[in-house]
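Since this is a predicted model, take the numbers as computed values, not measurements. Letters A, B, ... are given to chains in the order of the sequence lines, protein chains preceding strands, and every chain is numbered from 1.
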Amino acid sequence: MQRLTREQIAARVAKDIPSGAYVNLGIGLPTLVANALSPEREVILHTENGLLGMGPAPTKGEEDWDLINAGKQAVTTLPGAAFFHHADSFGMMRGGHLDICVLGAFQVSQNGDLANWHTGAADAIPAVGGAMDLAIGAKQTWIMMEHVTKEGQHKLVDVCTYPLTGKSCVSRIYTDLAVIDVTPQGFSLVELIPGLDLTAIAALTGATLYDGRKSGECN
Amino acid sequence: MQRLTREQIAARVAKDIPSGAYVNLGIGLPTLVANALSPEREVILHTENGLLGMGPAPTKGEEDWDLINAGKQAVTTLPGAAFFHHADSFGMMRGGHLDICVLGAFQVSQNGDLANWHTGAADAIPAVGGAMDLAIGAKQTWIMMEHVTKEGQHKLVDVCTYPLTGKSCVSRIYTDLAVIDVTPQGFSLVELIPGLDLTAIAALTGATLYDGRKSGECN
Amino acid sequence: MIDKICHSIAEAIKDVKDGATILVGGFGTAGMPFHLIDALIDQGAKDLTIVSNNAGNGDTGLAALLKAKRVRKIICSFPRQTDSWVFDGLYRAGEIELEVVPQGNLAERMRAAGAGIGAFFCPTGYGTMLAGNRETREIGGRNYVLEYPIHGDVALIKAHKADRWGNLVYRKTARNFGPVMAAAAKTTIVEVDTVVELGGLDPESVVTPGIYVQRVVEAIQSLAKAA
Amino acid sequence: MIDKICHSIAEAIKDVKDGATILVGGFGTAGMPFHLIDALIDQGAKDLTIVSNNAGNGDTGLAALLKAKRVRKIICSFPRQTDSWVFDGLYRAGEIELEVVPQGNLAERMRAAGAGIGAFFCPTGYGTMLAGNRETREIGGRNYVLEYPIHGDVALIKAHKADRWGNLVYRKTARNFGPVMAAAAKTTIVEVDTVVELGGLDPESVVTPGIYVQRVVEAIQSLAKAA
């Protein structure tokens, strides 16, 4: 078994994004998806700070710091881009106009609850940004993350123990080991990396995992 | 006694509009106020259908029917004009950004209730347009009307009998006979045309009229 | 490649269903999508609910749709005009249902639909017959009425220019309800004077981003009509 | 003649009162009104409530205002950043109050203030700790939280160009909160790169009409800083 690299997870997510889709890529890991989308497919990227039609990073030295993404990195515009203000940008999200947003996560529960903004630690400074708006706003919210934490703890869980970002908002999860749908029955396996068996993936998943490929339970 | 003409009422209203004010002139009689405002004063006119900085009517033959006012008449723009959509235009009103709106009226009550959209007749087709938004939105709502109806009925009344446009929204009334403020005590006379005495104006007013010029009752 | 430009107006409008709620742009005739309405009449959908500022002028556009008896109900702010004889006749004959909404509430209710707001407390119309029996609340010493979003199945609007991604700019006061309706409808169909190359619109000046637009047709500009 | 252009930045900002609520534009450093904030530090108003997306970056702008101990409370969506050490220190020392608001709610609550909406039902944050004890309601099968407007006494924003009526255009993503804050504050003060002649802005492209703007100052464009 060979875990997917971050770039490979990004490529796997990108494969499922239809041509012409309106997509918001969250900060961190999901940002990598942009590099895996070929320009010919014309996926239109939204950034919460007021731009549709976001292009790749400028060449070094060409940065315009009035033209940045949600992660405050310099970006560019593509032909067909449009700028708008913050209320319009978040109305666009909340109103269900984005086809897909891809977010990172600390935990996702089997009913699609998402925790990705706060570890719950007493001394943490809370900072939510646009995560809650994105989580509940897009037509589909996809999660891109490692299957378990570095310490081996479950991130796909029965019930989230961290403070929630949104309730029942996740539809699909892409990890370094698998692609999993959130269904009315709970987690449902869509795809597994070669060399990993059902017992192993089920053990790495903190809630019942159904095998969506043949409509049975994995464990 | 010589009643004011429509143009004279308009000129009287115009006199009270400060230089640089943002003003919406309702359809009908208030439209005449525009002609009484000298351009040097730079009063900025708003029209509900999405324009600030509305200019005078174009010369005949020069009309652009994409550039109209609330009464669907062709207008022009002044340098410094701005176009915006309907939600923004009415947000501008409702949010209290207009300094003054000048409206016509069927009835105004002594507590500032306004009736100007519906006669209450059973067979009338109701049509409100932007009247309710304007009435309650501007910082000050001024009324411009004949003091009594053609049939001699009161239009300044104790309680409105026609369906209301807005409650407690009128601050000042300009008629062909007088200028009257709506105060916490009720109607208060600000100015009277020459040749009309207090007893006469009080008789033409359907509620107690105080003489705001010397803090006493007129009748 | 994204291409929202339809080369036939009939094609653009073919899937409008009976019983649909249709948001129709325009304030009087400015911004009225005459070609799309004509195509809708040809298409034949009936039992429609129309949301528009007025209830038609003269015998063309929305008035023609009403005359063709395709409209069950109209939600608007100002139906009664000097040239609204088609609507007036249907209304007096009891052949059309009317819901009068203050103009700003009409705009804000569609804005709420587009922006995912569930309901909002609005001061306009408080204490008037148009507030009906709706919930009211005093907030910070001012009285408000609870207003709900108006969603459209379809929006038919007029813009000045578009590109193939559906980005739009409008012309003068013909902008009016266009941007609000585009965001409030599931399927937004736009007639424009001109289609430009992608990149031909300044990103700073795009009024309706293409995300709100599903189909665009280039219509020969109809002779705009005075009210 | 209307002339909103102030020839001194100190003059533009002189009447900010202790205890005021100040809306400060910018997303990171893009659209941050650095000159106005420096002038506010010199002016000396204290006990301020600041509403802004972030809680300052590095040691300049909003961070410098915080460092000068003028801010009692900050309402923002994303205080914690790699370069928010000034805020972090004050917060951990218990010297500043923090209210975290989801970014879209921050924008929409200011938008509501500007548009005269009394409160609105918003789906964002439902079921999370940021919804606190606020009223909730199910509408059409979806759950919403009741959110109230955020009004400002003053807005300090950055735009690209202005005319003497106060009409504004912005530059790229530096637009961000500017238009929303301009409408939500009693007194909106704008620093711009360039003042143009009246008529020098295209009426179709004005983003913030001058009705929302009280004062404009032309500030030499500060060297924009990377996050």
Practice task
Could you look at T77(A) and say if it's the side chain, the backbone, both or neither that has a heavy atom under 4.5 Å from chain D?
Solution key: neither

Problem - Within-4.5 Å side-chain heavy-atom neighbours: W117(A) and M129(D) - result: yes

Handout entry: Choice from N176(D), L106(D), V207(D), V180(D) maximising heavy atom contacts with chain A below 4.5 Å
Key = N176(D)

Exercise for the section: Please say which of P123(D), C122(D), P102(D) ends up in a side chain to side chain contact (heavy atoms under 4.5 Å, CB included) with I136(A). Expected result: P123(D)

Exercise for the section: Check whether any side-chain heavy atom of D133(A) sits under 4.5 Å from a side-chain heavy atom of N105(D), and report yes or no. Expected result: yes

Exercise for the section: Please work out whether the ring planes of F27(D) and H86(A) are parallel, tilted or perpendicular, with thresholds of 30° and 60°. Expected result: tilted

Fill in the blank from the handout: Looking only at L134(A), D123(A), V75(A), the option with the highest number of non-hydrogen pairs under 4.5 Å against chain D is D123(A)

Problem - L67(A) and R171(D), any side-chain heavy atoms less than 4.5 Å apart - result: no

Problem - Contact check, side chains of K72(A) and N54(D), non-hydrogen atoms, under 4.5 Å - result: yes

Exercise for the section: Report yes if some heavy atom in the side chain of F177(D) is under 4.5 Å from a heavy atom in the side chain of H85(A); otherwise report no. Expected result: no

Exercise for the section: Give, for atom OH of Y126(D) and atom OG of S168(A), the distance between the pair rounded to the nearest 0.5 Å. Expected result: 10.0 Å

Practice task
Would you confirm whether T173(D), through its side chain, and I68(A), through its main-chain N or O, come within 3.5 Å as a donor-acceptor pair?
Solution key: yes

Problem - Contact class of N69(A) relative to chain D, heavy atoms under 4.5 angstrom - result: backbone

Completion exercise
Taking every heavy atom of A127(A) against every heavy atom of P79(D), the minimum-distance pair comes out as CB-CD, 3.7 Å

Exercise for the section: Look up atom OG1 in T128(D) and atom CG in L114(A), then write down how far apart they are to the nearest 0.5 Å. Expected result: 11.0 Å

Exercise for the section: Side-chain contact test, heavy atoms from C-beta onward, threshold under 4.5 Å: evaluate it for I125(A) versus R92(D) and give yes or no. Expected result: yes

Problem - E108(D) side chain near F90(A) side chain, heavy-atom distance below 4.5 Å - result: no

Problem - More than 12 heavy atoms of other groups within 6.0 Å of K139(A) NZ - result: yes

Handout entry: Y170(D), part contacting chain A, at a heavy-atom distance under 4.5 Å
Key = neither

Handout entry: Exceeds 12 heavy-atom contacts within 6.0 angstrom, atom CG of N133(D)
Key = no

Practice task
Please tell me if the side chains of V128(A) and Q103(D) come closer than 4.5 Å, counting only heavy atoms from C-beta onward.
Solution key: no

Handout entry: Part of R80(D) lying under 4.5 Å from any heavy atom of chain A
Key = both

Practice task
For chain A, find which of G127(D), G31(D), S84(D), S77(D) contributes the most heavy-atom pairs closer than 4.5 angstrom.
Solution key: S77(D)

Practice task
Determine the option with the most heavy-atom pairs under 4.5 angstrom with chain D, choosing from T165(A), D64(A), T47(A).
Solution key: D64(A)

Completion exercise
Of G129(A), A87(A), A70(A), the largest count of non-hydrogen pairs under 4.5 angstrom with chain D goes to G129(A)

Problem - For chain D, the option from E63(A), H118(A), E48(A) that forms the most heavy-atom pairs under 4.5 Å - result: E48(A)

Handout entry: Atom NZ of K4(D): over 12 foreign heavy atoms under 6.0 Å
Key = yes

